[in-house]
Amino acid sequence: MTENNQKTCQCDREMAESEQSSVWDVVIKQTKEAQEKGSDPLLWSMQVSSNLSSAGVCIPSMELANVLVSYICWENNVPILWKFLEKALVLNMVPSMLVLALLSSRVIPNRRVQPAAYRLYMELLKRHAFSLRSQINGPDYQKVMISIDAILNLSKIFGLQTSEAGTIVVGFIFSTVWQLLDASLDDEGLLELTPEKKSRWPTKPQDMEIDGSDNHFEKRIEHLERLQNHNTSMAIELFWQFLQNILTSKILNLAKRNMPIHWEAFIQQLHLLAENSSALKNSKVTSPEAILQLASDICITPQNSKLRSVQKCHSIMDSSEGLSRGIGRSTIWLPLDLVLEDAMNVTQVNATSSVEVITGLIKVLQAINCATWHDTFLGLWIAALRLVQRERDPLESPMPHLDSRLCMLLSVTPLVVAGLIEEDESGQVDKKEHSFVSHWRKQKVTGKSRDDLVSSLQMLGNFIGLLAPPRSAVSAANQAAVKAMFFISGAKVESAYLDYISTKDISSDFCGINVFLSVEACIARNLIDTSAYFWPGYVKGCINEIPREPAQVPGWSSLMQGLPLTPLLTNELVSTPAPSITELEKIFEVAINGSDADKISAVAILCGASLIQGWNIQEHTAHFVIRLLSPPCPANYSGSGSHLIGYAPLLNALVAGISSIDCIKILSQLGMVPQLACSLMTICEIFGSCVPSDSCSNTTGTETSDPHTVFSNGFTLLLKLWRFNYCFADQPGHVSTVRSNISPEYLLLVRNSHLASSANVHQDHNKRRLAAVASSSSAQPIFVDLFPKLKAWYMQHNACIASTLSGLPRGTPVHHHVDELLNMMFKEKEQGRKSAESNTSASGSSSKEANEHTFLSKLPAWDILAAVPFVADAALTACANGILSPRKLATGLKVLVDFLPASVATIVSYFSAEVTRGVWKPAFMNGKDWPSPNANLSNVVEKIKEIIAATAVEVSSAAASDGSSQATMPLPLAALVSLTITYKTDKDSKRYLDLAKVALASIAAGCPWPCMPIVYSLWTQKAKRWSAYFVFSGSRTVFLQHRDAFVQLLKSCFTATLGLHSTPLSYNGGIGALLGHGIGSHIHGRVSPVAPAILYLHAYPYLSDIVFLNKEIVSLLMHSVREITGSGFPIEGCKRLKTAKNVMIQGKYLMDSNLTRVKLVASLAASLVWLSGGLGLVQSLFKEFLPSWFVSVHSSRQEGEPNGVAWLKGYVVAYFASLCGGFVWGVDSSSWGSKRRPKILGTHMEFLARALNGQISLGCDETTWRSYVLGFISLMVVCMPTWMLEVDVDVLKTISKNLRQWNEEELALDLLGIGGVDFMGAAAEMIIQSEP
């Protein structure tokens, strides 16, 4: 730009400023002249308007507001100028909010010296602060708000991160009310009583000196005091008016929701005013009690009546019809029953604590069903009691799980309750949550949760059918009842003494029940106290006579008295749970510092009844066990290797002691698996790298220090913690089941996350407990790279699964090890050895037979494992070529496994992979080459057919043939089953057999029919007592291999739950029909019908792909709606349901049991999706399936379908989708799944917004679509407001705008009102626009 142009622009600006200056000089001159003449305010306003119009100044004018207020304050503070200002406000010459802001910044600080001005200011507030619509529709609305923000400093005071105009409106109203409050406190000398001892607003002039002491001044002071007192009363009355006015109360409600910290400070000062203000007490308009109540109820405004109505709609309501069909209030906890039963699947181990899973689920169900704490706790206890009752008389099987069920009832459930009560009583709020959601959660904090726990426990006595304890827990239940009797009688006895109370000493009407055990579990965790013993009817029996105490009571008291751990005392402590943590600490000290023999005894005690049945201290016992897996380094240790080598006998006994299925499940439920895996990886890395010495072989059993034995026990236990043999290849669109992706890396990641949470003192009780467990071995994160040997094996393992083995290079140590292993396995089959050598490209190194075993026994276990896949491949190839007989193959494999039991894992993984490749010729199970199943195969198949028929599933005859033709199976599977049946079924063998059995079932499930019945027929011949369990397990193969049968099983789940058809399994409907009595056969010699959900829960983990489930489950939902409405739904009475008010608030429609029943099937559907596919399947539901379902014409209304049915379809899908999201994401930010929520939910909400804007063409019925949108949004608003904070602002605004177009203004406002500060401005503008 040239110098001349710059000068020209500068001259133009100066001329414009000069013109503007002259305009306002003229205005001031006109005002001064009108003031002197006493002109009529209307005439003045006309003259000023004319002048401004001539000067090209638009009105309302911000500059005029500044000029007039500045002119009045304070040189021209006379009544006529206030009249001029009032007229300018009435004629909209100036923005009213700007004028009020300007006045508040000048008048309130000077109200004591200018009381008349303060009074006039409040008069203007009365007239203009409640009419805001014209202001937000003004031409300079944004500029006005920015100016107000600068004048009052709102952004800084309230910490607002946005300058959005609507947000400033909220701040302006809130600040105005607060200034009135602070001014009133200051006028009565109460401001000094506040914590800050001053106002955050200017309430006093910056420089004010009052000089003079004559009588005239004193009289003026008296006059001012009278005016000030009157003004204080007027300010309080105006304050009351702001709280009472519908418009301003709604805006203040936004401040309350989104600025809770400031609101709490505001309320504290209001309490101070109510308690001490004489002006308020003397007010004729209000009272202290009334003003406090009004402020407390500020959120209960007409817009919240809609919120309450929506909440009422989403509450599941009982009805006489629903109860008569077995579908009552308890069915709202159906997902909980399914989750508890699914956790009992012994073939699955969870990395996530059951406490965490159930706590998150309880929060979701409590929120979405608007349940009280009493109902919540009662539902939890009843579900846990049902879990135990389903297997109270368990079927004998190789996979026992009764103890893990009792753990769920008596350890996990109390821990869940403890966490919920702690959160409720502390009012703990997630710092990541937005202020409104924090406030919403605080509103839910009742402090009554502990009382409701008591009432729920007291009600358990009404459920007689659930209270009988299993046989193994009868003694403990009796002891708990006796303890209560002694307490009531005042007698003091040792806990061990209770074991010696005979039933003859107890009155005849006594019996121990599960309630006693539940109460004791709660008392032990300080959830309730011993006053529970005095509950009416708690104990009905009494002690007839206190028997004489035996001279010596061997037990835990003997240990505490210092008696040595003799075999007699050890056996007693192994079979008796420790009474408290003190005894556990004592035995742990012995395990660390005792003699070698005492250490082994202490380990046996810790892994005994205290871990399995010590329900009151079970989580502490598990913690001590985990700590022992990482024993401390002795102070005098100076060796070069790991100090763990010296603990070999202890570690071996410990690992062997916790290797049972029930122990693993208990540790899993308590959340110990990640740290258990971490400790086992360390043990395996160290002992698998050790070279065994001659001295190691001198000891046997659990006391051995042999590195191979310690490694094998640790390695097989480690592999039980995840599906190591899982080998289903990922396909396009593949979604795996929930637990199939668990790996060593994942287990360490979870462990490290527990460790990280230890730094946060605000974590809940369960996370603090797991953090302490994680830090027991190391306070640092641990990764798989720290275990190079394990990592190398894992990479080889994955490579073996992914592709066939490649040739083994000659001259490597591995090929030599392969040769030696084959020599050891097949000494009598030289040809087989030579064939194996050629197959593996081994050089065929020769060694004397006497030295073979010696050489191998000196190899580290990791070196042997590296050779096992090649050995298995060579042996299997030799068998396939006829060089090695099947019998010799099985015998040789058994020799290998006996030599190094850990090798069974590699053999299993290799055979699993080879079965899926399908390249091996079939093996003929004819009884000559391979064992024959014909002795009972037809019987097994017939019983499988009975189970399938009982679930109303129809399959083709070929799908469940009796296998009368030649029985065959893939060669690797035949080899594996032949290996497993060579095992004994004793305790020592089961440690390794359990690992093989789970893999065997997984492999057979994926093979053609009748491979699974053949496998179980062979095992039935070996262990006939397990035959019923084998039949049940074999039945799932039909569903896995035939998708139609699996879909029919799903349908049976829905049918049984609703009880729509009179079948033996579904006559009454509800949870009982869905889950039945577990898998037990209570009729000797027969297979009882199995409930459909039990079959489903045992089948879905073996599905290779589950992506089809979303489609099938939603289809069944729609079918269920038609079935429900076709069985008595008064649909014709619901015509033309257009608005949420008509749809969701019609009392008769809501009270009908059909709504209860569709919610029931929706909760079933959501549970099945969550359990089957977890986050992956739910993500697919929201991102792929639901959008395509709404777009597809297949989801449109069927011909002749009533309008109400179409609405019900949309609503049930909304309820289903909300539950699915809640299950995987949680209702708050505490769960791990919540981190994935923003992306998935955001995508779905964007779809809703685009569809509402017409950018996406929908194929579904309009009523169904509208019902879905209203239902889904309403559920989020009422039950899961945290979700709203993670959705894009523009998306929510778009949805809210379209809701208004549907005449859903209240719901639209609720949607914005809970969205946080970012949405507060839009919500305020909507409130103002809706002003009548």
Side-chain angles (χ1 to χ4, degrees), residues 645 648 651-652 655-656 659 680-681 683-694 696-702 704-720 724-725 789-790 792-794 796-797 800 813-827 836 840 847 849 851-876 889-911 975-976 979-980 982-984 988-996 999:
I645 301 296
L651 293 175
N652 186 65
V655 172
S659 293
L680 290 174
M681 289 179 195
I683 292 172
C684 292
E685 187 71 20
I686 292 171
F687 286 91
S689 304
C690 282
V691 177
S693 61
D694 294 334
C696 294
S697 60
N698 294 332
T699 56
T700 59
T702 57
T704 184
S705 59
D706 175 32
H708 281 183
T709 304
V710 179
F711 170 82
S712 291
N713 285 329
F715 190 65
T716 52
L717 178 56
L718 175 63
L719 296 191
K720 291 176 185 178
F724 74 99
N725 65 302
K789 296 290 187 180
L790 174 65
W793 173 87
Y794 189 55
Q796 182 193 44
H797 163 76
C800 177
V814 175
H815 96 274
H816 179 61
H817 299 160
V818 170
D819 182 57
E820 295 297 335
L821 287 171
L822 289 171
N823 284 334
M824 179 186 70
M825 294 165 61
F826 309 114
K827 293 177 183 177
T840 58
S847 58
E849 291 185 3
N851 296 326
E852 288 175 355
H853 190 273
T854 302
F855 171 78
L856 291 173
S857 63
K858 298 297 182 181
L859 286 178
W862 287 120
D863 291 351
I864 298 174
L865 277 188
V868 170
F870 301 98
V871 171
D873 183 65
L876 196 62
L889 172 64
T891 303
L893 292 174
K894 184 64 167 58
V895 169
L896 174 59
V897 173
D898 288 342
F899 171 68
L900 183 68
S903 61
V904 70
T906 302
I907 293 172
V908 166
S909 65
Y910 169 77
F911 284 161
L976 184 58
L979 171 63
T980 59
T982 63
Y983 277 91
K984 296 179 180 180
D988 290 336
S989 297
K990 274 183 96 289
R991 286 199 295 273
Y992 311 111
L993 188 57
D994 287 342
L995 182 70

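Worth saying up front: this structure is predicted, and the values here are computed from it rather than measured.
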A.B. asks: If you define the side chain from C-beta out and look only at heavy atoms, does anything of Val710 sit under 4.5 Å from Val655?
C.D. replies: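 They are not in side-chain contact.
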A.B. asks: Heavy atoms, side chains only, cut-off 4.5 Å: are Tyr910 and Leu876 in contact?
C.D. replies: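 Yes. Closest side-chain heavy atoms under 4.5 Å.
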A.B. asks: The criterion is side-chain hydrogen bond (donor to acceptor under 3.5 Å, both in side chains); which residues satisfy it with Tyr992, sequence neighbours excluded?
C.D. replies: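 Asn713.
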A.B. asks: Pairs of donor and acceptor atoms involving the side chains of residues 863-871, under 3.5 Å and at least two apart or interchain, shall be tabulated with distances.
C.D. replies:
none

A.B. asks: If you take all heavy atoms of Phe826 and Leu889, which pair is closest and at what distance?
C.D. replies: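 Closest heavy-atom pair between Phe826 and Leu889: CE2-CA, 4.3 Å.
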A.B. asks: As an exercise, state the distance from OH of Tyr794 to NE2 of His797, rounded to the nearest 0.5 Å.
C.D. replies: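 Those atoms lie 6.0 Å apart.
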A.B. asks: If you look at every heavy atom in Met681 and Leu790, which pair is closest and at what distance?
C.D. replies: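 That closest heavy-atom pairing would be CG-CD2, 3.4 Å.
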A.B. asks: Nearest 0.5 Å please: distance from the CG atom of Asp873 over to the CD1 atom of Ile907.
C.D. replies: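 The distance works out to 12.5 Å.
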A.B. asks: At their closest point, which heavy atom of Thr716 faces which heavy atom of Pro901, and how far apart are they?
C.D. replies: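 So the two residues come closest at CG2-O, 4.3 Å.
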A.B. asks: So how far is it from Trp862 CH2 to Cys690 SG, rounded to the nearest 0.5 Å?
C.D. replies: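 Answer for the CH2-SG pair, Trp862 versus Cys690, is 12.0 Å.
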A.B. asks: Run Leu680 and Leu717 through side-chain contact (heavy atoms from CB on, under 4.5 Å) and show every step you take.
C.D. replies: CA-CA 8 Å; Leu680 290 174; Leu717 178 56; 3.6 Å; yes
A.B. asks: On a heavy-atom basis, which atom in Cys684 and which in Gly714 lie closest, and how many Å separate them?
C.D. replies: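 Heavy atoms only, the tightest pair is SG-C, 3.6 Å.
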A.B. asks: Under 3.5 Å, which donor-acceptor pairs link side chains of residues 893-900 to any protein atom two or more places apart or in another chain?
C.D. replies:
{"from": "Lys894", "atom 1": "NZ", "to": "Asp898", "atom 2": "OD1", "distance (Å)": "2.7"}
{"from": "Lys894", "atom 1": "NZ", "to": "Asp898", "atom 2": "OD2", "distance (Å)": "3.0"}

A.B. asks: Rounded to the nearest 0.5 Å, how far does NE2 of His816 lie from CG of Leu821?
C.D. replies: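 Spacing of CG (Leu821) from NE2 (His816) equals 10.0 Å.
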A.B. asks: Report the distance from atom CD of Glu685 to atom OG of Ser689, rounding to the nearest 0.5 Å.
C.D. replies: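 Answer for the CD-OG pair, Glu685 versus Ser689, is 5.0 Å.
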A.B. asks: Is there a donor-acceptor pair closer than 3.5 Å between any side-chain N or O of His708 and the backbone N or O of Leu859?
C.D. replies: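 Indeed, once roles are kept as given, a pair shorter than 3.5 Å links the two residues.
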A.B. asks: Can you name the nearest heavy-atom pair linking Ser659 to Lys720, along with the distance?
C.D. replies: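 Heavy atoms of Ser659 and Lys720 come nearest at O-NZ, 3.1 Å.
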A.B. asks: With the side chain counted from C-beta on, respond yes when Phe715 and Phe687 share a heavy-atom pair under 4.5 Å apart, and no when they do not.
C.D. replies: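 Not touching, per the 4.5 Å side-chain cut-off.
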A.B. asks: When rounded to the nearest 0.5 angstrom, what is the spacing between CE in Met825 and CD in Glu820?
C.D. replies: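 Answer rounded to 0.5 Å: 13.0 Å.
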A.B. asks: Can you give me the closest heavy-atom contact between Ala890 and Leu979, atom names plus distance?
C.D. replies: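 Of all heavy-atom pairs spanning Ala890 and Leu979, the closest is O-CD1, 4.2 Å.
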